[in-house]
2 protein chains.
Amino acid sequence: MKKSPFVGRWALPGGLISDHETTLAAAERILREETGVTGVYLEQLMTFDELKRDPAGRVVSVAWFALLPDGELELHTSEKYAGVEWRPISRAKNLAYDHNKILQAAVDRLRAKLGYTNMVWSLLPTKFSLTELQTVYEIILDRELDKRNFRKKILAAGLLKATGSQRIIGAHRPAALYSFKTKKLIVTNIIS
Amino acid sequence: MKKSPFVGRWALPGGLISDHETTLAAAERILREETGVTGVYLEQLMTFDELKRDPAGRVVSVAWFALLPDGELELHTSEKYAGVEWRPISRAKNLAYDHNKILQAAVDRLRAKLGYTNMVWSLLPTKFSLTELQTVYEIILDRELDKRNFRKKILAAGLLKATGSQRIIGAHRPAALYSFKTKKLIVTNIIS
DNA sequence: CCAAAAGTGTTCAGACTACACCCATGT
DNA sequence: ACATGGGTGTAGTCTGAACACTTTTGG
């Protein structure tokens with residue numbers, strides 16, 4: 001929650017870099033300080049430098065975004081950052097500063113890169129079912145995908161390996177669990 | 001040409017921003033000061049901030065790239081910037097600082113975006129033949145394209161309009177000249 | 001008439017889309 | 001037995017790739 005003129009609005013986590021710190025290191029530090037999250041995928045988004053984006057003065061922001069699995073968000077709230085929350089995009093409207101623009105840019109980037117990289121691995125736990133994977137795609141692309149076609153394409157991409165293990169949730173047939181062969185960023189064709 | 005430890009190496013144009021200047025405005029200004037070029041397409045590339053990228057001290061660079069038609073480069077060389085030259089990528093090796101990395105990032109970006117935007121308009125004069133357009137694609141993608149397939153796809157994309165005029169160069173059949181319907185950036189599918 | 005660039009269609013293979021039913025489990 | 005999510009195949013359409021000859025001009 002921010003002060004005037006952004007009273008009561010939410011904002012993305014942010015902070016200042018020091019003279020001997022890269023923006024990547026600063027992003028990792030700030031993410032850790034404000035949320036406790038470490039060891040996740042980080043990617044430089046872009047730099048926002050409109051003259052009046054912060055009413056308090058000139059601020060040039062090098063924006064980074066993190067991707068992490070839904071399960072691992074165990075938000076640690078220190079006293080200093082007690083107001084921190086995870087929110088779905090749908091409830092992250094009307095942010096302070098130009099943070100709506102930043103968030104939108106991050107969503108656009110993610111949406112585009114899902115189609116030609118394997119970066120979705122950073123949004124899933126080590127083992128996952130194909131249905132879970134499909135759900136991630138559907139959320140980000142904001143449209144439904146055909147189950148059979150999705151499985152054909154994602155398996156044909158050759159990025160997954162079957163773990164052999166299964167998971168049963170509720171009174172259903174067990175789901176085979178897969179994992180990514182590699183957690184390096186690969187550029188290829190995956191989903192159209 | 002740069003001083004120690006980059007004696008005799010070339011570098012990309014660059015400069016400092018002022019407190020009341022966006023990086024876009026600075027990019028436009030520096031490009032104008034060093035080359036005389038104005039009114040061209042500019043796009044933010046990314047920010048380079050490794051701690052030791054400039055041996056003289058901490059420098060965070062927000063890199064932008066410009067696209068301009070081959071014909072319009074009339075390089076004005078002021079006294080201050082007498083050493084400025086246009087060079088093909090193939091003769092832009094071994095640059096000072098991390099400028100090889102920056103240049104490579106720009107080439108990668110351009111190569112990728114040619115396939116799904118109409119930004120190639122910024123690399124051509126107002127009127128151009130389909131062969132000229134194809135040549136631009138071939139240079140940037142660094143591979144040959146089939147003439148018939150190229151024409152089918154580029155015309156099917158619907159971004160061009162025939163101007164009705166023709167151009168004759170040498171003892172050849174005249175080439176029909178086309179122009180882009182719009183010079184706004186459009187995201188669509190063009191060339192695979 | 002010759003040289004050189006402009007212009008033009010068809011065929012084949014692979015990819016994408018749409019679509020419906022059976023399977024395995026816990027209750 | 002039933003409710004629920006997991007899992008599978010095929011037919012039709014579309015897209016991309018390969019490929020060669022005719023046209024128009026100036027010299």
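Computed from a predicted structure; not experimentally measured.
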OG of B:S18 to CZ of A:R58: how many Å apart, nearest 0.5 Å? 7.0 Å
Under 3.5 Å, is there any donor-acceptor pair linking the side chain of A:R148 to the base of C:dA20? yes
Considering every strand and a 4.0 Å limit on heavy-atom distances, what is the contact class for B:K152: base, sugar-phosphate, or nothing? base
Given the structure, check if the side chain of A:K147 and the base of D:dG7 hold any donor-acceptor pair shorter than 3.5 Å. yes
Nearest of D:dA17, C:dA6, C:dA24 to any side-chain atom of A:R173? C:dA24
When the distance from CD of B:Q166 to P of C:dA6 is rounded to whole Å, what number comes out? 12 Å
Within 6.0 angstrom of A:Q134 CD, more than 12 heavy atoms from elsewhere: yes
Could you check how far CZ of A:R143 sits from C1' of C:dT17, rounded to whole Å? 12 Å
Against the side chain of A:P174, the closest entry in D:dA17, C:dT25, D:dG6 is C:dT25
Using heavy atoms to find the nearest nucleotide of DNA chain D for B:D146 and A:D146 separately, return the residue whose nucleotide is more 5′. A:D146
Send over the distance from B:I169 CD1 to C:dA3 C1', rounded to a whole Å. 16 Å
Rounded distance in Å - CD (A:E144) to P (C:dT17): 15 Å
Picking from C:dC19, D:dA18, C:dG26, which would you name as closest to the side chain of B:N149? D:dA18
Quick one: do B:K147 and B:E138 make a salt bridge, cutoff under 4.0 Å? no
Determine, stepwise, if the pair B:Y178 / B:F128 fulfils ring pair (Phe, Tyr, Trp, His ring centres under 6.0 Å). CA-CA 5 Å; B:Y178 290 79; B:F128 50 86; 7.2 Å; no
Base C:dT25 paired with A:H172 side chain (donor-acceptor, <3.5 Å): no
To the nearest Å, how far apart are A:F150 CZ and C:dA15 P? 18 Å
Mind calculating the distance between CG (B:L155) and C1' (C:dA6) to the nearest angstrom? 13 Å
Is A:T131 close enough to D:dG5 that one of its side-chain N or O atoms is under 4.0 Å from OP1 or OP2 there? no
When A:D49 is tested against each of B:L24, B:T47, B:I17, B:T23 for side chain to side chain contact (heavy atoms under 4.5 Å, CB included), which residue passes? B:T23
Separation of C:dT8 atom C1' from B:Q134 atom CD, nearest Å, is 14 Å
Taking for B:A176 and for B:A171 the nucleotide of DNA chain C with the nearest heavy atom, the one nearer the 5' end belongs to B:A171
Can you tell me how far C1' of D:dG7 sits from CG of A:L177, to the nearest Å? 14 Å
Looking only at the side chain of B:R151 (C-beta and beyond, no hydrogens), which of the listed nucleotides C:dA6, D:dT25, D:dG6 gets closest? C:dA6
